[in-house]
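Structure record follows, encoded as structure tokens.
All ligand and atom numbering here is 1-based and tracks the order in the structure. The basis for the numbers below is simple: all heavy atoms, side chains too, and nothing from hydrogens, waters or symmetry mates.
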Amino acid sequence: MLAELREEVCALHAELPRNGLVAWTSGNLSARVPGESLMVIKPSGLPYEELTPDSMVVCDLHGERVEGDLAPSSDAATHGFIYRHMPQVSGVAHTHSTYATAWAARGESIPCVLTAMADEFGGPIPVGPFALIGGEEIGHGVVETLAASRSTAVLMRSHGVFTVGTGPREAIKAAVMCEDVARTVHIARTLGEVTSLGEEEVEALHDRYQNVYGQR
Ligand SMILES: [Zn+2]
């Protein structure tokens, strides 16, 4: 099962550059190992095209390596903190994608002005506190901000995006959708005022998307 998860997480990492969400070696993805206090995460500082299933690092939920030859992503402690405090989450993605991070640089949440936002995020995409990389401060900020919101994405102030999902694919999807709506709402705002959707509309859209949309 661990071998399968290494393969899945490695393959899904290709979605980050493919969707234009990362520059150079920035960004990362992880998956919780089902039934264990472990996760599979990207190694630190390796170019995306050089990632292999074997180069993925298995860490405990404090970000300490337990298996693998390479050092884990410098965000491993943050991913671990999120898994420890959000048992419903089994995938975490992190990017500095341009438009979403521009909103983060301004410390401004993305208002829910699109049906796609109501669908995916169930409201605005919130801003989390500024925190320095390394300790548990970022994880704390992510968990605290997401607990107060229905969103699966959070814009960490002056840093970038963290997204969560029921698995790594869902976390990547949230990162792709977050950047997509960040771009659209930014462009809309350069054209003039934008108006948030009403609470009832957001509720109806979110419910339909989460419970009815797609193949069942
Ligand atoms: Zn970062």
Side-chain angles (χ1 to χ4, degrees), residues 9-10 12-32 39-51 55-57 59 61-65 68 70-86 89 91-110 121 125-146 149 151-165 168-183 186:
V9 173
C10 178
L12 283 171
H13 268 99
E15 296 293 341
L16 294 171
R18 190 178 5 248
N19 286 281
L21 301 184
V22 293
W24 201 239
T25 63
S26 78
N28 44 66
L29 171 70
S30 72
R32 186 196 292 274
M39 63 182 175
V40 175
I41 192 166
K42 180 173 172 272
S44 183
L46 224 66
Y48 278 89
E49 60 276 16
E50 289 177 22
L51 296 179
S55 68
M56 296 296 121
V57 187
C59 288
L61 298 187
H62 292 270
E64 298 296 328
R65 176 178 61 184
L70 300 168
S73 157
S74 51
D75 294 306
T78 301
H79 289 241
F81 188 94
I82 296 169
Y83 290 128
R84 277 189 285 130
H85 293 85
M86 300 182 80
V89 166
V92 175
H94 171 54
T95 80
H96 304 156
S97 66
T98 307
Y99 283 88
T101 302
W103 288 84
R106 287 187 37 79
E108 191 178 353
S109 64
I110 307 174
F121 301 105
I125 298 179
V127 175
F130 176 76
L132 287 176
I133 194 168
E136 294 201 322
E137 217 189 323
I138 296 182
H140 202 272
V142 170
V143 168
E144 199 177 60
T145 308
L146 291 182
S149 161
S151 176
T152 50
V154 51
L155 310 173
M156 293 304 283
R157 189 181 287 266
S158 303
H159 179 178
V161 182
F162 279 87
T163 61
V164 297
R169 174 171 290 280
E170 288 75 12
I172 289 274
K173 182 195 173 202
V176 171
M177 300 303 278
C178 177
E179 179 63 6
D180 186 51
V181 299
R183 180 164 176 265
H186 165 74

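- Every side chain to side chain contact (heavy atoms under 4.5 Å, CB included) that T98 has, sequence neighbours left out, goes to E179.
- The side-chain hydrogen bond (donor to acceptor under 3.5 Å, both in side chains) check on H96 picks up H94, H159, with sequence neighbours excluded.
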- For salt bridge (charged side-chain N to carboxylate O under 4.0 Å, His left out), just list the numbers for E15 and R18, CA-CA rounded to whole Å, side-chain angles, deciding distance to a tenth of an Å, and then say yes or no. CA-CA 5 Å; E15 296 293 341; R18 190 178 5 248; 2.9 Å; yes
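- Put simply, the side chain of R65 gets close to the backbone of L70: a donor and an acceptor are under 3.5 Å apart.
- Of all protein N, O or S atoms, those under 2.8 Å from the Zn ion (ligand 1) number 3.
- Pairing each heavy atom of L146 with each of A153, the nearest pair is CD2-O, 3.7 Å.
- Applying the side chain to side chain donor-acceptor pair (under 3.5 Å) test to residues at least two apart or on different chains, the pairs with a partner in residues 127-141 are R84-E136.
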